[in-house]
Amino acid sequence: MELRQVEYFLAVVEHEGIGGAAGALGVAQPTVSQALRALERELGVQLFHRIGRGMVLSAAGRTMVGPARQIVRDVDAVDGLLSESADELTGRLDILAAPAMASGPIVELIARFRCEYPRVTVRFGELRDETQAASVIEDGHCEFVVAHLPIAGDDLEVIVLGEQEFLLVYPPGSQVPDGPIPLAELPTIPMVFVPRGHSVADEIEEAIRVAGIRPPLAVLSEHREERLPMVLAGIGGTLLEKTMAEAAADRAVVRTVEPRFVRPFAITYDPAGLSPVGQAFVDLIRASS
């Protein structure tokens with residue numbers, strides 16, 4: 001197995017196809033296709049299901065993603081150690097963040113880090129399930145995860161970055177009292193929720209149940225990012241992170257809720273497995289706090 005093949009494999013994963021990968025790598029599409037097929041022959045497994053012009057990861061391919069990213073980070077770390085300039089850090093910083101935290105403090109930290117270490121590249125991906133924060137680090141998918149607390153993982157270190165408040169958001173023209181609205185007095189307007197299994201969603205649903213109120217369910221959406229468009233389309237209300245809710249205040253009805261839904265969020269990592277780039281990022285975070 002060659003490093004080039006691993007890099008091509010990850011490029012196809014990250015760009016969701018051979019065309020996007022070839023464009024990002026600056027090579028011809030047949031070059032990427034041939035490298036992938038050679039890698040599959042050497043490993044003896046099929047990494048992708050080829051559906052029309054699309055590429056979908058197989059079970060073996062999904063298993064390969066984490067180790068492949070770890071290989072690239074390890075090689076980058078060696079390159080950095082052998083760099084002509086010992087003062088110039090090179091390599092790659094891998095971060096996954098839950099959608100609600102993919103702005104604000106973490107972006108500011110990345111901007112500062114890139115300013116100080118311009119030769120380091122950053123992969124900033126989406127953490128779809130916050131309950132998997134520890135496992136994506138353990139499996140090599142990334143070095144850092146940004147998620148709501150609590151974050152499970154005995155060997156992980158956690159640095160708190162801030163907190164988020166969740167507000168009620170209703171369709172334009174909704175007749176609701178001025179806030180804050182007591183949880184036990186939520187309007188009977190249908191709601192858009194995400195399924196259980198998301199830590200914040202579970203907490204909100206449990207608090208509403210304990211308050212003895214059960215607003216009608218309009219949509220149970222696995223696509224968290226579609227909640228606001230559904231609210232603006234008039235389908236129902238929901239609870240959104242404060243920054244998202246306030247950004248939509250001119251198009252929707254936004255209210256605070258009593259008691260407040262506030263969750264701290266943090267960045268977590270395995271201190272025993274940090275690359276030189278990762279250690280530099282931790283140093284910057286601690287110096288900024």
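No hydrogens, no waters, no symmetry mates; every other heavy atom, side chains included, goes into these values.
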For Leu89 and Arg119, the nearest pair of non-hydrogen atoms, with its separation, is O-CB, 3.6 Å
Kindly say whether Glu165 contributes a backbone atom to a donor-acceptor pair with the side chain of Arg263 at under 3.5 angstrom? no
Quick check for you: to the nearest 0.5 Å, what is the distance between Leu167 atom CG and Glu246 atom CD? 6.0 Å
Consider only side-chain N and O atoms of Ser135 and Glu138, and report whether a donor and an acceptor are under 3.5 Å apart. no
Given side-chain contact (heavy atoms from CB on, under 4.5 Å), test Ile137 with Cys142 step by step and report yes or no. CA-CA 5 Å; Ile137 293 175; Cys142 60; 4.1 Å; yes
Student check: side-chain heavy atoms of Leu168 and Met191 closer than 4.5 Å: yes
Please tell me whether Leu239 and Ile235 are part of a single hydrophobic cluster in this structure, the criterion being side-chain heavy atoms less than 4.5 Å apart. no
Could you work out the complete set of other residues in the hydrophobic cluster of Val210, with links drawn between I, L, V, M, F, W and Y side chains under 4.5 Å apart? none
Test of understanding: clusters of I, L, V, M, F, W, Y form through side-chain heavy atoms closer than 4.5 Å, transitively. Do Leu220 and Leu240 belong to the same one? no
With a 6.0 Å cut-off (strictly less than), is the heavy-atom count around CD of Gln175, excluding the residue itself, greater than 12? no
Using 30° and 60° as the class limits, which term best fits the ring planes of His148 and Phe265: parallel, tilted or perpendicular? perpendicular
Shortest non-hydrogen pair, Ala102 vs Ala97, comes out as CA-CB, 4.4 Å
Between Thr238 and Phe193 (side chain of the first, backbone of the second, donor and acceptor by atom type, cut-off under 3.5 Å), is there such a pair? no
Smallest separation among heavy atoms of Val158 and Ala266, with atom names: CG1-CB, 3.3 Å
Below 4.5 Å, heavy atoms only, C-beta onward: do Thr256 and Ile181 meet side chain to side chain? no
Smallest heavy-atom separation, Ala38 atom then Gln5 atom, equals CB-NE2, 3.5 Å
Any Leu284 side-chain heavy atom under 4.5 Å of Arg112 side chain: yes
CG of Leu36 to CZ of Arg41, rounded to nearest 0.5 Å, is 11.0 Å
Are Ile151 and Val145 side-chain neighbours, meaning at least one heavy-atom pair lies under 4.5 Å? no
Does Leu156 form a side-chain contact (heavy atoms from CB on, under 4.5 Å) with Tyr269? I'd like the steps, not just the answer. CA-CA 5 Å; Leu156 301 182; Tyr269 60 94; 6.0 Å; no
Hey, is the main chain of Pro177 close enough, under 3.5 Å, to the side chain of Arg255 for a donor-acceptor pair? yes
Is any side-chain heavy atom of Val257 closer than 4.5 Å to a side-chain heavy atom of Phe166? no
Step by step, work out the side-chain contact (heavy atoms from CB on, under 4.5 Å) result for Phe124 and Ile110. CA-CA 9 Å; Phe124 190 42; Ile110 291 172; 4.0 Å; yes
Could you tell me if the side chain of Tyr170 sits less than 4.5 Å from the side chain of Val231, heavy atoms only? no
Minimum side-chain heavy-atom gap Ile95-Arg123 below 4.5 Å: no
Please check if atom CG in Asp283 has more than 12 non-hydrogen atoms from other residues, nucleotides or ligands closer than 6.0 Å. yes
Applying the 4.5 Å side-chain criterion to the ILVMFWY set and letting contacts propagate, would Ile208 and Val192 be lumped into a single cluster? no
Neighbour count >12 (heavy atoms, 6.0 Å) for atom CZ, Arg114: yes
Please check if the side chain of Ser33 supplies one atom and the backbone of Gln29 the other of a donor-acceptor pair under 3.5 Å. yes
Check: Leu96 main-chain N/O paired with Glu126 side-chain donor or acceptor under 3.5 Å: no
Among the clusters formed by ILVMFWY side chains lying less than 4.5 Å apart, do Val219 and Ile189 turn up in the same one? no
So does Thr243 get a backbone contact from the side chain of Glu241, meaning a donor-acceptor N/O pair under 3.5 Å? no
Could you check whether Arg4 pairs with Glu7 (Lys NZ or Arg NE/NH1/NH2 to Asp/Glu carboxylate O, under 4.0 Å)? no
Which atoms form the tightest heavy-atom contact between Ala211 and Ala184, and what is the distance? O-CB, 3.8 Å
Ile267 CD1 to Glu143 CD distance, which is reported to the nearest 0.5 Å: 10.0 Å
Go through the steps for Phe9 and Val32 under the test side-chain contact (heavy atoms from CB on, under 4.5 Å), then give the verdict. CA-CA 8 Å; Phe9 165 74; Val32 178; over 6 Å; no
Is there a donor-acceptor contact under 3.5 Å from the side chain of Thr31 to the main chain of Val27? no
Please state whether the rings of Phe281 and Phe144 are parallel, tilted or perpendicular, taking 30° and 60° as the class boundaries. perpendicular
Taking atom types as modelled and ignoring hydrogens, do the side chains of Arg227 and Ser221 form a donor-acceptor contact shorter than 3.5 angstrom? no
So how far is it from Gln34 CD to Leu39 CG, rounded to the nearest 0.5 Å? 13.5 Å
Is a donor from one side chain sitting under 3.5 angstrom from an acceptor on the other, for Glu157 and Thr268? no
When you measure from the side chain of Glu130 to the backbone N and O of Ala98, does any donor-acceptor pair fall under 3.5 Å? no
Between CZ on residue Arg214 and OG1 on residue Thr188, distance to nearest 0.5 Å: 15.0 Å
Single-linkage hydrophobic cluster Leu93~Val107, side-chain heavy atoms < 4.5 angstrom: yes
Looking at Ala152 and Ala134, what are the two nearest heavy atoms and their distance? O-CB, 3.2 Å
Do Phe48 and Val13 have side-chain heavy atoms sitting under 4.5 Å apart? yes
Let me confirm one number: the CD-CG distance from Glu40 to Leu47, rounded to the nearest 0.5 Å. 4.5 Å
